Amino acid sequence: MGRQIPDLDIDNCLYPRSAKVHDLMADLIDRYFATHLGLPEDEAVMLHKEYYKNYGLAIEGLVRHHQIDPLDYNAKVDDALPLESIIKPNPELRKLLQDVDTSRVKLWLLTNAYVTHGRRVVRLLGIDDLFEGLTYCDYSEFPIICKPHPDMFAKAMREAGVERAEDCYFVDDSYGNVASAEKLGWASVHLVEEGLPVPETPASKYQIRHLEELRRIFPQFFKSS
């Protein structure tokens, strides 16, 4: 039997929401909408939210409806974030990942960001050497495929070399992404940080406040102490 694949989200998952990277990104996206579509600020914010709700990513709406160059968008939004001053190495996270038994488990990343952003974040966290692969949202393709679309999870399985959904595990802070993976038969974990409200209806069987809880939920992933 092949190794099982835990797929970890990156943003607001490997680092806390309190880092406010998402807020900085939202501001850059709103500015991009206003500048490139010639919209007033309030309309730019509304359209950004509409595209995010409808497609899972603002960039998909921009490409579909406005023929925006997605790599230009990436350069002026994701790659423009001042991450070096925000994200620092996380020894506790590194220890958690180092304790994973890689003879049984293949650590993988699954993000809706473009490859440059994903690699940049894990490098700054000091954990880039601990993952065997990264499935990312390829902005250069059309249509853009991203979570929670089933095709994105199929892409991750293909790239990680796994055939059975029951060999896939998934951790994400997004309710919609986790619910979608759960429907596909992945063992899914919804990360709801301390201080955030717990959803009335759980997204999946598993819900955690901290990644360290993965040791309790999936003890088979970790080396024997």
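Keep in mind that what you see is a predicted model, and the values were worked out from it rather than measured. Heavy-atom basis, side chains included; hydrogens, waters and symmetry copies ignored.
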Exercise. Report the residues that fulfil salt bridge (Lys or Arg N to Asp or Glu O under 4.0 Å) with Glu41, sequence neighbours left out, ordered by chain and then residue number.
Key: none
Quiz item: Is Ile68 reachable from Leu39 through a run of hydrophobic residues whose side-chain heavy atoms are each under 4.5 Å from the next?
Solution: yes
Quiz prompt | By salt bridge (Lys or Arg N to Asp or Glu O under 4.0 Å) - contacts of Asp129 (at least two apart) | solution = Arg94
Quiz prompt | Validation row: Leu110, Phe170 side chains within 4.5 angstrom (heavy atoms) | solution = yes
Quiz item: If you look only at pairs with a residue in residues 178-200, which of them pass as a salt bridge (Lys or Arg N to Asp or Glu O under 4.0 Å), with sequence neighbours excluded?
Solution: none
Quiz prompt | Close side-chain approach of Lys95 and Glu92, heavy atoms under 4.5 Å | solution = no
Quiz item: Do Leu107 and Glu132 touch side chain to side chain, with heavy atoms closer than 4.5 Å?
Solution: no
Practice problem: Mind running side-chain contact (heavy atoms from CB on, under 4.5 Å) on Val100 and Leu130 for me, showing each step along the way? | Solution: CA-CA 10 Å; Val100 168; Leu130 301 178; over 6 Å; no
Quiz item: If you measure from SG on Cys137 to CG on Leu57, what distance do you get to the nearest 0.5 Å?
Solution: 5.0 Å
Quiz item: To the nearest 0.5 Å, how far apart are CZ in Arg17 and CG in Leu191?
Solution: 9.0 Å
Quiz prompt | Asp72 with Lys76: basic N within carboxylate O range, under 4.0 Å | solution = yes
Quiz item: What heavy-atom pair brings Phe142 and Val63 nearest, and what distance separates the two atoms?
Solution: CD1-CG1, 3.4 Å
Quiz item: What pairs with Asp11 under salt bridge (Lys or Arg N to Asp or Glu O under 4.0 Å), at least two apart in sequence or on another chain?
Solution: none
Self-check item: Nearest heavy atoms of Ala44 and Ala34, plus distance in Å
Solution: CB-N, 3.7 Å
Self-check item: Carboxylate-amine/guanidinium proximity below 4.0 Å for Asp9 and Lys147
Solution: yes
Quiz prompt | Listed once per pair and sorted, the side-chain hydrogen bond (donor to acceptor under 3.5 Å, both in side chains) pairs that draw on residues 46-71, sequence neighbours left out | solution = Asp30-His48, Tyr51-His66, Tyr55-His65, Glu60-Arg64
Quiz item: Yes or no on side-chain contact (heavy atoms from CB on, under 4.5 Å) for Leu125 and Lys88, after CA distance, side-chain angles and deciding distance?
Solution: CA-CA 5 Å; Leu125 286 167; Lys88 304 298 180 184; over 6 Å; no
Quiz item: Roughly how far, to the nearest 0.5 Å, is CG of Asp172 from CG of Asp7?
Solution: 10.0 Å
Quiz item: How about Leu28 and Asp78: do any of their side-chain heavy atoms sit closer than 4.5 Å?
Solution: no
In a table with atom names and distances, give each donor-acceptor pair under 3.5 Å that connects a side chain of residues 154-162 to protein atoms at least two apart or in another chain.
from, atom 1, to, atom 2, distance (Å)
Lys155, NZ, Tyr136, O, 2.8
Glu159, OE1, Thr135, OG1, 2.8

Quiz item: Excluding sequence neighbours, so at least two apart, what forms side-chain hydrogen bond (donor to acceptor under 3.5 Å, both in side chains) with Thr116?
Solution: Asn74, Asp79
Quiz prompt | Where Val105 and Arg3 come nearest, the two heavy atoms and their spacing | solution = O-NH1, 3.5 Å
Practice problem: With the side chain counted from C-beta on, respond yes when Asn112 and Met152 share a heavy-atom pair under 4.5 Å apart, and no when they do not. | Solution: yes
Quiz prompt | Full working for side-chain contact (heavy atoms from CB on, under 4.5 Å) between Asn90 and Ile127 | solution = CA-CA 8 Å; Asn90 184 334; Ile127 56 172; over 6 Å; no
Practice problem: Calculate, to the nearest 0.5 Å, the distance between atoms NE2 and CG belonging to His190 and Asp173 respectively. | Solution: 6.5 Å
Self-check item: Residues which pass side-chain hydrogen bond (donor to acceptor under 3.5 Å, both in side chains) with Glu141, listed by chain and number, not counting sequence neighbours
Solution: none
Practice problem: Just grab all the side-chain hydrogen bond (donor to acceptor under 3.5 Å, both in side chains) pairs involving residues 201-210, residues at least two apart or on different chains. | Solution: none
Practice problem: Return each pair, listed once, that meets ring-ring contact (aromatic ring centres under 6.0 Å, His included) where at least one residue sits in residues 71-105; pairs must be two or more places apart or across chains. | Solution: Tyr32-Tyr73
Self-check item: Single-linkage hydrophobic cluster Tyr169~Leu184, side-chain heavy atoms < 4.5 angstrom
Solution: no
Exercise. Report the distance from atom CD1 of Ile5 to atom SG of Cys168, rounding to the nearest 0.5 Å.
Key: 6.5 Å
Quiz prompt | With Asp138 via salt bridge (Lys or Arg N to Asp or Glu O under 4.0 Å) - residues at least two apart | solution = none
Practice problem: List the atom of Leu214, the atom of Ile208, and the distance in Å for their closest heavy-atom pair. | Solution: CD2-CD1, 4.1 Å
Quiz item: Which other residues end up in the same hydrophobic cluster as Leu196, if Ile, Leu, Val, Met, Phe, Trp and Tyr are linked when side-chain heavy atoms come under 4.5 Å apart?
Solution: Val192
Quiz item: Can you name the closest pair of heavy atoms from Leu71 and Tyr139 and give their distance?
Solution: CD2-CB, 4.1 Å
Quiz item: Using the benzene-type ring in the case of Trp, are the ring centres of Trp186 and Phe153 under 6.0 Å apart?
Solution: yes
Quiz item: Out of curiosity, does Phe218 fall in the hydrophobic cluster containing Trp108 (side-chain heavy atoms, cut-off under 4.5 Å, transitive links)?
Solution: no
Quiz item: Under 3.5 Å, side chain of Ser85 to main-chain N/O of Pro82, donor-acceptor pair present?
Solution: yes
Practice problem: Please report the C-alpha distance between Asp27 and Arg31 in whole Å, then the side-chain angles of each, then the deciding distance to 0.1 Å, and finally whether the salt bridge (Lys or Arg N to Asp or Glu O under 4.0 Å) criterion is met. | Solution: CA-CA 6 Å; Asp27 288 343; Arg31 196 179 309 165; over 6 Å; no
Quiz prompt | Connected via hydrophobic side-chain network under 4.5 Å: Ile29 and Met46 | solution = no
Quiz prompt | More than 12 heavy atoms from other groups under 6.0 Å of CD on Glu166 | solution = yes
Exercise. Starting at CG of Leu134, measure out to CG of Leu109 and round the result to the nearest 0.5 Å.
Key: 5.5 Å
Self-check item: Glu84 atom CD: more than 12 heavy-atom contacts under 6.0 Å
Solution: yes
Quiz item: Does the side chain of Lys106 reach to within under 4.5 Å of the side chain of Phe131, using non-hydrogen atoms?
Solution: no
Quiz item: Should Ile144 and Leu62 be regarded as members of a common hydrophobic cluster, given that ILVMFWY residues are connected when their side-chain heavy atoms come within less than 4.5 Å of each other, either directly or indirectly?
Solution: yes
Quiz prompt | Trace of the salt bridge (Lys or Arg N to Asp or Glu O under 4.0 Å) decision for Arg215 with Asp99 | solution = CA-CA 9 Å; Arg215 296 182 188 271; Asp99 286 347; 2.9 Å; yes
